[in-house]
Amino acid sequence: MIWKRHGRNGIVNRNSVVAEQNPVGWRFDNTYAQLPDVFFAPAKPVTVSSPRVVILNHRLAEELGLELNSISQEAAAALFAGQDLPSGSRPIAQAYAGHQFGNFTMLGDGRAILLGEHRSRSGQLVDIQLKGAGQTSYSRRGDGRAALGPMLREYIISEAMFALGIPTTRSLAVVTTGEPVYRETKLPGAILTRVAASHIRVGTFEYTAATQNETNLRILADYTIHRHYPELANSPSRYSDFLRAVVDRQAALIAQWLLVGFIHGVMNTDNMAISGESIDYGPCAFMNAYLPETVFSSIDRSGRYAYGNQPAIAQWNLTRFAETLIPLIAPEQEQAIAIATEILNEYPALFEQYRLAGMRTKLGLQNAETGDLELAQSLLRWMQKVGADFTKTFRDLSETALPIGDRYEDPDFQEWQSQWQHRLSRENRSNDVARAAMRGVNPAIIPRNHRVEEALAAVQDHNDLSVLQQLLAALASPYESRPDFERYQEAPSDDGGYRTFCGT
Ligand code: AMP
Ligand code: MG
């Protein structure tokens, strides 16, 4: 199905009159809102007493072709609190379902409102979503609100992921509402403006499949293919190609997560985007000491979403996704299942390929040799044995000389290092060149849990934004070691008790 284009305020008839009414330069298209009604419900951001800007992402605004400097702070606060809607927007809440910790539930945007899709400077359509803008038809018993801490946390982590080069939703703004939200304690209410390739999730497909309306399923699949995999649109086997492409992007994404020590924390099927972007930064956190069982989320008691479980969980989620596509893949159910199963079975090898390729670059290797996997694994085993910091170890290996007087004197490490040196000597580039390349893939700076908490505490307890600004500046160039950002490179002495919470 091809959606209509809104002429109103669209790119085609932008003129000086529109520019006056629309100084920020929004170019909304609202294609999702043209899908059948079952996919969404109209929504209206709640009126809030005194919106104030906490942070605006000027760099992202520029990429999107938005001119935030053309409006006052008050106007920006009203805009990003959903009080003054951008011209051409059409606010809705999206319907979706999802498997949460393995259990199927009907969900939907309970505390998020999609304003529509803005056409970015490069011509890409991006969702503009307000998270925490009040109740929608899908709020169930929730208040539809969000607290400042979790919204800033999402801002920090998503922008850090972007700077690391990992596909992710972005954060354009955080504003406070001037109204409290009540969780275990009374907290300042806030709204995050999230920018995403789309918010179509595995859970969106699960929702549609659950309605057992094949026409709508096909409409959703065609819409998603058109938006995220347009190269498949004319393929006679487009639905199985679509499945294969989604599997491929997820395999690549999860490998990237693992290569930087990222733990999503709540990989429910409603938190897996079909676009292949990382989405929904709730209880996520970065691992310090290398330990595959690492879990930070307070609600993940069984370790379902532990660091090392993420590849298998992604496959589980992709299997739920594949199930929804069965009616489209082939006319005969048996045949469709056989095709989908074959595609899903390719996932483990695909993931391992992406991970190994990433590990090679982390170790400065360009050529592929059969012993490379074992070389990488034996380094990880050593890290686990001595409790070495994952990020710091790879960064240390990337520097010209390792720090002395450290655990690197361990004979097991020394033996590994001599094997690695041998392996590097079979590369057709010098060690210096290899190490320079390693510094481009092994981050010096990640959003360390203690630094994130420190920045959030300064905002919440002292109204001090400077710590947050410093942290964001450091995270914006993660592959540079700068003396003034040294404190962001340090691993915490102990994070054994660190716990994260869902952003509700
Ligand atoms: P999440 O844990 O953020 O992925 O959210 C899971 C589901 O709960 C989604 O459907 C959310 O929209 C909904 N939800 C989370 N927090 C709230 C809230 N404060 N009010 C209403 N719905 C919420
Ligand atoms: Mg979610």
Side-chain angles (χ1 to χ4, degrees), residues 93-114 127 129 131-132 136 138-140 142 146 150-151 153-158 160-162 166-171 192 194-210 224 228 246-247 249-258 262-286 295-307 309-324 500-504:
Q94 291 175 304
Y96 56 88
H99 277 85
Q100 300 188 300
F101 288 88
N103 305 306
F104 185 74
T105 324
M106 285 300 199
L107 297 162
D109 285 333
R111 59 157 169 177
I113 295 178
L114 178 68
D127 277 11
Q129 191 203 60
K131 197 167 169 181
T136 72
Y138 310 109
S139 293
R140 296 171 290 165
M151 295 307 100
R153 203 162 185 285
E154 170 153 348
Y155 188 109
I156 297 168
I157 310 279
S158 62
M161 293 290 269
F162 171 74
I166 299 175
T168 177
T169 63
R170 305 283 307 272
S171 298
L192 169 85
R194 178 155 74 178
V195 178
S198 86
H199 287 82
I200 303 168
R201 309 142 189 271
V202 169
T204 316
F205 280 84
E206 289 181 287
Y207 163 82
T208 313
T224 311
H228 298 304
V246 173
V247 166
R249 274 194 207 172
Q250 285 299 329
L253 179 68
I254 308 298
Q256 282 189 282
W257 287 2
L258 264 64
F262 177 75
I263 307 169
H264 183 283
V266 59
M267 284 176 71
N268 294 334
T269 55
D270 51 304
N271 294 337
M272 183 182 266
I274 302 297
S275 66
E277 286 182 343
S278 319
I279 192 171
D280 268 0
Y281 296 96
C284 62
F286 283 72
V295 174
F296 291 115
S297 169
S298 56
I299 58 166
D300 189 4
R301 296 204 180 81
S302 65
R304 179 181 171 93
Y305 300 136
Y307 170 81
N309 257 5
Q310 297 181 112
I313 286 293
Q315 188 174 14
W316 192 92
N317 290 350
L318 289 165
T319 307
R320 303 289 81 75
F321 175 58
E323 285 162 1
T324 72
T500 56
F501 301 89
C502 275
T504 48

Tell me if a side-chain donor or acceptor on R153 pairs with a main-chain N or O of C284 at a distance below 3.5 Å. yes
Which heavy atom of E277 sits nearest a heavy atom of A197, and at what distance? OE1-N, 3.1 Å
Would you be so kind as to tabulate the donor-acceptor pairs closer than 3.5 Å made by side chains of residues 310-318, with sequence neighbours excluded?
from, atom 1, to, atom 2, distance (Å)
Q310, OE1, H264, N, 2.9
Q310, NE2, F262, O, 2.9
Q310, NE2, Y307, O, 3.2
Q315, NE2, L344, O, 3.2
N317, ND2, M267, O, 2.9

Can you confirm whether or not the ring centre of F286 sits under 6.0 Å from the ring centre of F296? no
Side chains of S158 and S171: is there a donor and an acceptor less than 3.5 Å apart? yes
Side chain proximity check, R201 to D280, heavy atoms < 4.5 angstrom: yes
State, to 0.1 Å, how close P283 and V266 come at their nearest heavy-atom pair, and which atoms those are. CD-CG1, 3.4 Å
Do D270 and Y207 get their side chains close enough for a donor-acceptor pair, meaning under 3.5 Å? no
Counterpart residues, ring-ring contact (aromatic ring centres under 6.0 Å, His included), relative to F162 (two or more places apart): none
Would you kindly say whether T269 and E206 are connected by a side-chain donor-acceptor distance under 3.5 Å? yes
What is the minimum heavy-atom distance between L253 and G276, and which atoms define it? CD2-O, 3.5 Å
Give the minimum heavy-atom separation between A93 and Y138, together with the two atoms involved. O-CE1, 3.4 Å
Salt-bridge present (K131, D109; N to O < 4.0 Å): no
Checking H228 against R249: is there a side-chain donor and acceptor pair closer than 3.5 Å? no
